[in-house]
**Q** 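Okay, handing you the structure first.
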Amino acid sequence: MDILRKIIEPSLESALADIGVSDDFWKKALGVSREKSQGDLSLPCFPFAKQLGQNPAEIAEQLASSLSGEFDVAAVGGYLNFKAKSEWLARNVMSIDSAPGNTEVLIEHTSANPNGPFHVGRARNAILGDTLVRLNRLYGNEVRAEYYVDDMGKQVGVLAWALSNLSKQQVDDILDDADSINPRWAGKKDHETVRWYQAAQSLRSNEGADDIEEAIGKLVHASEHGDDAVLAQFEQAYKPVLDGMLETLSRLGIEFDTFTKESEFVVNGSVSSLMERLEGLEIHGVADNGAHFLDLGQRGLKGKTDFFYRRGDGSSLYATRDIAYHMWKWQQCDNLINVLGEDHKLQAKQVGMTLTELGEKVPNVMFYAFIKLPEGKMSTRKGNVVFMDDLLEEAKAQAASVVRELRSDLTDDEIDLIAEAVGVSAVRFNIVKVSPEKGFTFRWEEALSFEGESAPFVMYSHTRACSIASKVGRDANFESTGEIPDAMHELLRVMANYVDKLQQSITENKPHIFALYMLELATAYNSFYRDCHVIKDGAVDEFNYAISEKARELLRNGMTGAGIIPLESM
RNA sequence: GGGCGUAUAGUGUAGUCUGGAUAUCACCUCGGCCUUCUAAGCCGAUAACCGGGGUUCGAAUCCCCGUACGCCCGCCA
């Protein structure tokens, strides 16, 4: 609660100076109270005890009696508890205006290899990344969401080879219908094309596939040297798959502003000029067969210290292109954020250290742990996989059955609209609400939960506020405050934290902080809804309505930021 | 073997960077609330800091030693 902190600190500072405390180490000790009955902010007075030679309880008493302002202050067991005065809080909350941001942010996320349908394992990146995009926009930052397309190398090479060498019949024979396509997705290109990829992978794992391996190797080699024809062939192969994936992402509400192809940096020469620069670095080294590396051990890297950026044949590696890509990205923004799986930690460290060595800035990276299934790691090959398309269908179906049960007054079209919004929001929220570095096990039951800590919980509070607004049928006018019961004070308190939480969430790149905050906001609104009626005996309580409307505004904006669709009715 | 990360009620989680009061929230279980703005809601009860040392007036939080699990250690992407 920064607004309260701002008025407490100055008066506390002078009160402390009066009793002989001069440094300001206490400023970070002044924190949010643990228990709301204790107030809004609390200051433990134990640290002053030694310095002043008095016991903490006495010090707290003394301070309490000398402080006054738009807050109540009480000394309890060595703590000084501050509570904002309700009217003051209400006036401040009514004038909350978020969006002080003015930074140009480039956020790269998802960037999944375009070789098959989007599955839940890949979803954590996309959902976290997109939430970061939304939160930054909500804060007022200028954001560009970027997808880095891996359009060269082995994976695409295999796909391209398969598409130009295998017929549909051959593919069906090879896969032996083991993972036959779900009829629901027949015609969706990512689901169809992945079968060619799978068939090729199956052939490659057989004995005596040397000729295939050689053919693919040739393609990959050509792509890495920037061969236009091969790159065009690759693009033709992956484009339909990528389009299918983007269709899925779009259903999740995830869109990108720009797509940048990895091959660009080979073709335009920036990779080769980068390699020349790297060769001039102090920590540069050359292996027996002519491969080049940097000895990052000299810069403090532990574990594997040699970072290879150039093969013996002179071609670049993935990480090398990534460095060129980063240098290019830094030319276009003030802040650079990447969303990466934890398997990329070493790689990102190497890229970062190399950028530092070149005098460039290091990007902010949000790492996340993988999503696995209760049966173990997700694997398309083993069929141990949940496709996002299937999850979204299931979520929608579940939501539809709930709506149908609760709302007999709605038409099928209305139910369909609500179910889609609830399904998508629930799936996203289930993932954003936990901190990224935590291991995540996907469970259908949790993904499809519409109660408690879920998107529909927040959506529901918002529709209640909407329902009130539509009953009143006009805008609120806030002129004077009225009675402020506990439930309203609590709502005001939570609302007052809106900007703080949003800011914290984006500066620390932790979407879950804001997601959990939205649950708090909805919870507080629900209690307010119970205790502070807007419409009483047909008359509108103007003050309560004003608070309800402000809460509705924050709910709606916050939901958009958290990736929850703000319905007006559900 | 080395590097990095994670460990909190029966389950899932917040808090850990920046040490403070009876450790957050939800699910489950048990009990209560629909003649007033949508009960996908509200109110109440039960229940947890991986183990061992240390620092401190005070440790879930900081330091050391373990244990378990995950990721990484390609001239792959």
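Each chain gets a letter, A, B and so on, in the order the sequences are listed, and its residues count up from 1.
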**Q** Rounding to the closest angstrom, what is the interatomic distance between G12(B) and G70(B) at atom P?
**A** 15 Å
**Q** Side chain of E342(A) only, heavy atoms from C-beta on: which candidate in G70(B), A7(B), A77(B) is closest?
**A**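 Out of G70(B), A7(B), A77(B), the nucleotide with an atom closest to E342(A)'s side chain is G70(B).
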**Q** Could you pull out the closest heavy-atom pair between S435(A) and R124(A), with the gap in Å?
**A** O-NH2, 3.1 Å
**Q** Is L406(A) touching bases, backbone alone, or none of the nucleic acid, heavy atoms closer than 4.0 Å?
**A**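 Since a base atom lies under 4.0 Å of L406(A), the category is base.
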**Q** Scan P47(A) against the nucleic acid and name what it touches under 4.0 Å (heavy atoms): base, sugar-phosphate only, or nothing.
**A**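 Touches a base.
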**Q** Is C34(B) in the syn range, within 90° of 0, or in the anti range?
**A** syn
**Q** Phosphate oxygens OP1/OP2 of U11(B): is one of them under 4.0 Å from a side-chain N or O of R443(A)?
**A**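 The answer is no; no side-chain N or O of R443(A) sits under 4.0 Å from OP1 or OP2.
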**Q** D343(A) side chain: which of C71(B), C75(B), U6(B) is closest?
**A** C71(B)
**Q** Given the C1' atoms of G15(B) and A60(B), what is the spacing between them in whole Å?
**A**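 8 Å, rounded to whole Å.
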**Q** Can you tell me which nucleotide in G12(B), C71(B), A14(B) comes closest to the side chain of S435(A)?
**A** A14(B)
**Q** Check whether any side-chain N or O of Y318(A) sits under 4.0 Å from OP1 or OP2 of A77(B), and answer yes or no.
**A**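 Checking A77(B) against Y318(A), no side-chain N or O comes under 4.0 Å of OP1 or OP2.
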**Q** Taking any strand in view, what nucleotide pairs with A39(B) in a Watson-Crick or G-U wobble way, both distances under 3.5 Å?
**A** none
**Q** Base, sugar-phosphate, or nothing for V403(A), non-hydrogen atoms under 4.0 angstrom?
**A**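 Result for V403(A) = base.
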**Q** Need one value for E405(A): base, sugar-phosphate or nothing, where a base atom within 4.0 Å counts as base even if backbone is also close, heavy atoms only.
**A**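 No contact.
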**Q** Check the pair Y460(A), F457(A) against ring pair (Phe, Tyr, Trp, His ring centres under 6.0 Å), reporting the backbone distance first and the verdict last.
**A** CA-CA 5 Å; Y460(A) 191 71; F457(A) 176 90; 8.4 Å; no
**Q** Can you tell me how far the CZ atom of F265(A) sits from the CD1 atom of I323(A), to the nearest 0.5 Å?
**A** 12.5 Å
**Q** A7(B) pairs with which nucleotide, Watson-Crick or G-U wobble, both distances below 3.5 Å?
**A** U67(B)
**Q** Please check if any side-chain donor atom of H344(A) sits under 3.5 Å from a side-chain acceptor atom of N338(A), or the reverse.
**A**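 No, N338(A) and H344(A) have no side-chain donor paired with an acceptor closer than 3.5 Å.
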**Q** Is any side-chain N or O of S42(A) under 3.5 Å from a base N or O of A21(B), one able to act as donor and the other as acceptor?
**A**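 Donor-acceptor pair under 3.5 Å: yes.
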**Q** How far does the P atom of U24(B) sit from the matching atom of C50(B), given to the nearest Å?
**A**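 About 16 Å, rounded to a whole number of Å.
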**Q** For nucleotides A9(B) and G41(B), find the distance between their P atoms and express it as a whole number of Å.
**A**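 Per the computed distance, 25 Å lies between those P atoms.
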**Q** Rounded to whole Å, please give me the gap between CD in Q347(A) and C1' in G5(B).
**A**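 Whole-Å distance recorded here is 18 Å.
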**Q** In whole Å, what separates the P atom of C4(B) from that of A45(B)?
**A**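 Each nucleotide's P atom is 45 Å from the other's.
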**Q** Please state how far atom NZ in K510(A) lies from atom C1' in C17(B), giving the value in whole angstrom units.
**A**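 Taking atom C1' of C17(B) as the reference, NZ of K510(A) is at 7 Å.
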**Q** So what does R310(A) touch, heavy atoms closer than 4.0 Å: a base, only the sugar-phosphate, or nothing?
**A**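 No contact at all - R310(A) keeps every heavy atom at 4.0 Å or more from the nucleic acid.
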**Q** Does anything in residues 365-375 of chain A come within less than 4.0 Å of RNA chain B? Heavy atoms only, and list the residues if so.
**A**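 Contacts with RNA chain B under 4.0 Å: F370(A).
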**Q** Just verifying a value: how many Å separate K377(A) NZ and N384(A) CG, rounded to the nearest 0.5 Å?
**A**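 Going from the NZ atom of K377(A) to the CG atom of N384(A) covers 11.0 Å.
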**Q** Quick check on C25(B): is either OP1 or OP2 less than 4.0 Å from any side-chain nitrogen or oxygen of H512(A)?
**A**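 H512(A) to C25(B) OP1/OP2: no side-chain N or O under 4.0 Å.
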**Q** Quick one: L346(A) CG to C4(B) P, roughly how many Å, whole number?
**A** 11 Å
**Q** Whom does U56(B) pair with, Watson-Crick or G-U wobble, provided both distances fall under 3.5 Å?
**A**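 Its partner: none found.
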**Q** Return the nucleotide paired to C30(B): Watson-Crick means purine N1 to pyrimidine N3 with N6-O4 or O6-N4, wobble means G-U with N1-O2 and O6-N3, both under 3.5 Å.
**A**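 Looking at the geometry, C30(B) pairs with G44(B).
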**Q** I'd like the C1' distance from A40(B) over to U35(B), given in whole Å.
**A**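 Rounded to whole Å, the distance is 23 Å.
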**Q** Expressed in angstrom and rounded to an integer, what is the separation of H221(A) atom NE2 from C75(B) atom P?
**A**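 Interatomic distance, NE2 of H221(A) to P of C75(B): 17 Å.
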**Q** So for N81(A) and A21(B), does any side-chain atom that can act as donor or acceptor lie under 3.5 Å from a complementary atom in the base?
**A**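 Looking at the base of A21(B), it does pair with a donor or acceptor on the side chain of N81(A) (distance under 3.5 Å).
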**Q** Check whether Y529(A) forms a cation-pi arrangement with R464(A) (NZ or CZ under 6.0 Å from the six-membered ring centre, at most 45° off the ring normal).
**A**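 Yes, R464(A) lies over the aromatic ring of Y529(A).
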**Q** For C42(B) and N526(A) - does any side-chain N or O of the residue sit under 4.0 Å from the phosphate oxygens OP1/OP2?
**A** yes
**Q** As a test of reading the structure: which of A40(B), A14(B), A77(B) is closest to the side chain of K438(A), going by heavy atoms?
**A** A14(B)
**Q** Reckon K304(A) has a side-chain N or O less than 4.0 Å from the OP1 or OP2 of C75(B)?
**A** yes
**Q** One character per nucleotide, please: for nucleotides 26-37 of chain B, 5' to 3', B when the base has a protein heavy atom closer than 4.0 Å, S when only the sugar-phosphate does, - otherwise.
**A** S----------B
**Q** Who is the Watson-Crick or G-U wobble partner of G12(B), with both distances under 3.5 Å?
**A**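 When the pairing criteria are applied, C25(B) turns out to be the nucleotide that pairs with G12(B).
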**Q** Return the pairing partner of G1(B) with a 3.5 Å limit on both distances, Watson-Crick or G-U wobble; otherwise return none.
**A** C73(B)
**Q** Which of the following nucleotides, C73(B), A77(B), C43(B), is nearest to the side chain of S527(A)?
**A**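 For the S527(A) side chain, the nearest candidate turns out to be C43(B).
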**Q** Salt-bridge test for K261(A) and E235(A): reply yes if a basic N is under 4.0 Å from a carboxylate O, no otherwise.
**A**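 Salt bridge flag = yes for E235(A) with K261(A).
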**Q** Under 4.0 Å, heavy atoms only, any strand: does A287(A) hit a base, just the sugar-phosphate, or nothing?
**A**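 Base, at least one base heavy atom under 4.0 Å.
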**Q** First locate atom CZ of R310(A), then atom CG of L278(A), and finally report the distance between them rounded to the nearest 0.5 Å.
**A**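 So the CZ of R310(A) and the CG of L278(A) are separated by 10.5 Å.
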**Q** Could you tell me whether the side chain of E262(A) has a donor or acceptor atom within less than 3.5 Å of a complementary atom in the base of A77(B)?
**A** no
**Q** Mind checking what makes side-chain hydrogen bond (donor to acceptor under 3.5 Å, both in side chains) contact with N497(A), not counting sequence neighbours?
**A** none
**Q** Starting from P on C72(B), measure out to CZ on F308(A) and report it in whole angstrom.
**A** 20 Å
**Q** Taking atom C1' in both C17(B) and G10(B), compute the distance separating them and give it to the nearest angstrom.
**A**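 After rounding to an integer number of Å, I get 31 Å for this pair.
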**Q** Taking atom P in both A59(B) and G54(B), what distance in whole Å separates the two?
**A** 12 Å
**Q** Minimum heavy-atom separation for H462(A) and L567(A), please, with both atom names.
**A** ND1-O, 2.8 Å
**Q** Going by atom types only, do Q155(A) and Y197(A) share a side-chain donor-acceptor pair under 3.5 Å?
**A**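 Their side chains do contain a donor-acceptor pair, which is all the 3.5 Å distance test asks for.
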**Q** If I take atom CE in residue M378(A) and atom P in nucleotide C71(B), what distance separates them, rounded to the nearest angstrom?
**A** 13 Å
**Q** In whole angstrom, give the distance that lies between atom CZ of F450(A) and atom P of A40(B).
**A**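 Going from F450(A) (CZ) to A40(B) (P), I get 13 Å.
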**Q** Round to a whole Å and report the spacing from CG of N430(A) to P of A40(B).
**A** 20 Å
